[in-house]
Protein chains: 2
Amino acid sequence: MTRKQREIQEREQQILALARAILVREGYQALSMDRLAAEMEYAKGTIYNHFPNKEEIVAALALKSLEKRRKMFERAALLAQGSRKRMTAIGCACDIYASECCEHFAVEQMLRISAIWEKSSQTRQKLIQQCEFRSMSIVAGIVRDAQAAGDLKLPVGLSAEEFVFGFWSLTYGSHALISSSPSLAEIGIENPVRSIRYHGWTLMNGFGWQPLETFEQTEAWTAELAEGIVKHAHEDE
Amino acid sequence: MTRKQREIQEREQQILALARAILVREGYQALSMDRLAAEMEYAKGTIYNHFPNKEEIVAALALKSLEKRRKMFERAALLAQGSRKRMTAIGCACDIYASECCEHFAVEQMLRISAIWEKSSQTRQKLIQQCEFRSMSIVAGIVRDAQAAGDLKLPVGLSAEEFVFGFWSLTYGSHALISSSPSLAEIGIENPVRSIRYHGWTLMNGFGWQPLETFEQTEAWTAELAEGIVKHAHEDE
DNA sequence: TGACTTTTCTGACGAACCGTCAATAATGTT
DNA sequence: AACATTATTGACGGTTCGTCAGAAAAGTCA
């Protein structure tokens with residue numbers, strides 16, 4: 001009873017690992033159930049016993065990716081002290097996630113294509129929304145702490161979550177553009193990641209988030225922090 | 001000679017119009033060459049005479065969409081006076097583009113999926129890059145004017161284009177998240193568009209872009225401006 | 001006009017993929 | 001060992017893609 005079940009769970013992970021490898025190396029269209037079955041040396045029906053369709057596989061991978069990022073958020077928030085530094089650390093984690101764990105970011109983006117999201121199961125959709133909610137809570141929590149500590153005063157009519165949404169958009173938007181716009185350099189954007197860090201820093205200044213620091217100071221300790229985040233990110237899988 | 005050629009060109013536009021309608025109503029997977037042929041009442045081969053594959057159709061539509069936005073940028077820049085207001089007007093145009101012309105924004109996003117971009121023809125890719133470059137030039141031009149007029153001082157090491165990239169990321173990111181995240185409201189983001197306008201305004205303040213205005217003032221004249229942009233946007237097609 | 005070349009159009013075709021399901025094999029139970 | 005349950009298989013029908021030889025239409029010229 002239990003051995004067989006363990007075998008099946010084991011195989012499920014193998015399928016996901018193989019699927020992720022194919023997705024990263026050759027893209028979404030290269031992922032087919034026939035191929036998955038062939039490379040796993042199982043019949044197609046067996047794969048369908050695990051996942052009702054291709055989209056569900058991508059959704060499962062995306063959920064794992066989102067969870068990885070959530071963990072990175074938790075780590076980042078722990079590694080830094082002071083509300084503003086903790087917020088900066090979150091941004092740093094996002095940068096690392098998108099570059100160092102780019103296979104995760106890529107899968108996460110696939111989920112944003114309506115076709116995949118809509119065909120995935122409702123239970124998976126719920127889990128994904130919960131994971132997003134928890135990530136948001138981590139960051140919104142930092143903002144609330146900042147308010148409580150007197151480091152930041154939110155304008156009236158802007159919730160902590162809406163405040164976070166700005167930084168989320170800035171960061172997500174930049175990574176999406178970087179990964180999908182083939183020639184940013186050609187249109188004059190030499191160092192997109194650094195530029196966005198500068199914008200994030202400026203945006204915090206705009207909101208008067210204390211304590212103020214020069215951008216150079218911020219960059220200096222961010223570099224150290226990044227090492228810590230990267231280490232954690234790679235070791236837990 | 002010429003009549004037949006005109007007929008063919010005419011038909012190409014009909015194909016694109018039909019394709020866009022299907023894409024908007026039923027999404028990317030619903031668009032098939034067989035269906036296109038059937039609804040056009042032509043054989044499939046004829047459709048393939050116009051476009052070598054499905055991706056090329058989407059790319060053609062995306063190019064049209066990008067050009068529409070470029071025109072909106074030009075209009076927006078004309079309708080406002082003063083560098084900061086002109087920049088704000090561009091942001092306003094983006095909002096209108098993503099909401100009012102959401103079918104265009106949706107197609108533009110499809111292009112960002114690697115599969116489509118890679119299968120589209122090189123000539124089309126070049127055209128798209130040119131169009132993006134011209135859009136960027138419009139906005140970077142506003143930034144340079146602002147510098148020349150003394151309204152804005154860019155930090156050293158940040159080019160005008162990299163400066164624009166921040167606003168681009170903020171705006172694009174928010175619209176992408178809004179259109180793909182099913183339940184922003186559930187995670188505490190009631191009014192995402194207004195939030196991002198606030199962030200954009202704050203970011204400009206952070207860079208010290210003159211003349212300063214309260215957010216309420218900005219919102220007031222932006223509402224008027226929006227009407228003008230919407231009018232233009234809808235009338236030229 | 002009629003015989004011709006050239007261009008455009010057609011739809012049957014092979015290949016790839018999806019998801020199903022009756023039949024078969026493996027495993028568990030008594 | 002006989003039976004029940006669960007897991008696995010791969011052939012199948014259906015859909016889409018992109019091709020291409022041959023049919024139809026348009027253009028050319030005596």
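Order of the sequence lines sets the chain letters (A, B, ...), proteins ahead of strands, with each chain counted from 1. Keep in mind that this is a model prediction, so the values were computed, not measured.
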Selected nucleotide, minimal atom distance to B:I8 side chain, candidates C:dT8, C:dG11, D:dT8: C:dT8
Interatomic distance where CD belongs to A:Q9 and P belongs to D:dA7 [whole Å]: 12 Å
For A:Q129, side-chain contact (heavy atoms from CB on, under 4.5 Å) partners two or more places apart: A:W117, B:P182, B:S183, B:E186
Give the residues of residues 11-26 of chain A touching DNA chain D, defined as any heavy atom closer than 4.0 Å, sorted by residue number. A:R11
Holding to side-chain contact (heavy atoms from CB on, under 4.5 Å), I want the full list of residues that pass it with B:Q9, two or more places apart in sequence or in another chain. none
Rounded distance in Å - CG (B:N49) to C1' (D:dA24): 14 Å
Residues in side chain to side chain donor-acceptor pair (under 3.5 Å) contact with A:R35, at least two apart in sequence or another chain: A:E26, A:E39
Between CD of A:E41 and P of D:dG10 the distance, given in whole Å, is 12 Å
Within a reach of under 6.0 Å around CD of A:Q122, are more than 12 heavy atoms found that belong to other residues, nucleotides or ligands? no
Within this structure, what is the CD1-to-P distance between B:I47 and C:dG11, rounded to whole angstrom? 12 Å
Going by salt bridge (Lys or Arg N to Asp or Glu O under 4.0 Å), name the pairs with one or both residues in residues 102-111 of chain A, residues two or more places apart or in two chains. A:R69-A:E108
Integer-rounded Å distance: C:dG19 C1' and A:I57 CD1: 13 Å
List for me each residue that meets side chain to side chain donor-acceptor pair (under 3.5 Å) alongside B:S65, sequence neighbours excluded, and say none if there are none. B:R20, B:H104
Scan nucleotides 16-18 of chain D against the protein and return all N/O pairs shorter than 3.5 Å with their distances rounded to 0.1 Å.
unit_1, atom_1, unit_2, atom_2, d
D:dC17, OP2, B:M33, N, 2.7
D:dG18, OP1, B:K119, NZ, 3.1
D:dG18, OP2, B:Y48, OH, 3.0
D:dG18, N7, B:K44, NZ, 3.2
D:dG18, O6, B:K44, NZ, 2.4

Counterpart residues, salt bridge (Lys or Arg N to Asp or Glu O under 4.0 Å), relative to B:K54 (two or more places apart): none
Rounded interatomic separation in angstrom, taking CD from A:Q5 and P from D:dT8: 12 Å
Of all residues at least two apart in sequence or in a different chain, which pass the ring pair (Phe, Tyr, Trp, His ring centres under 6.0 Å) check with B:F167? B:F163
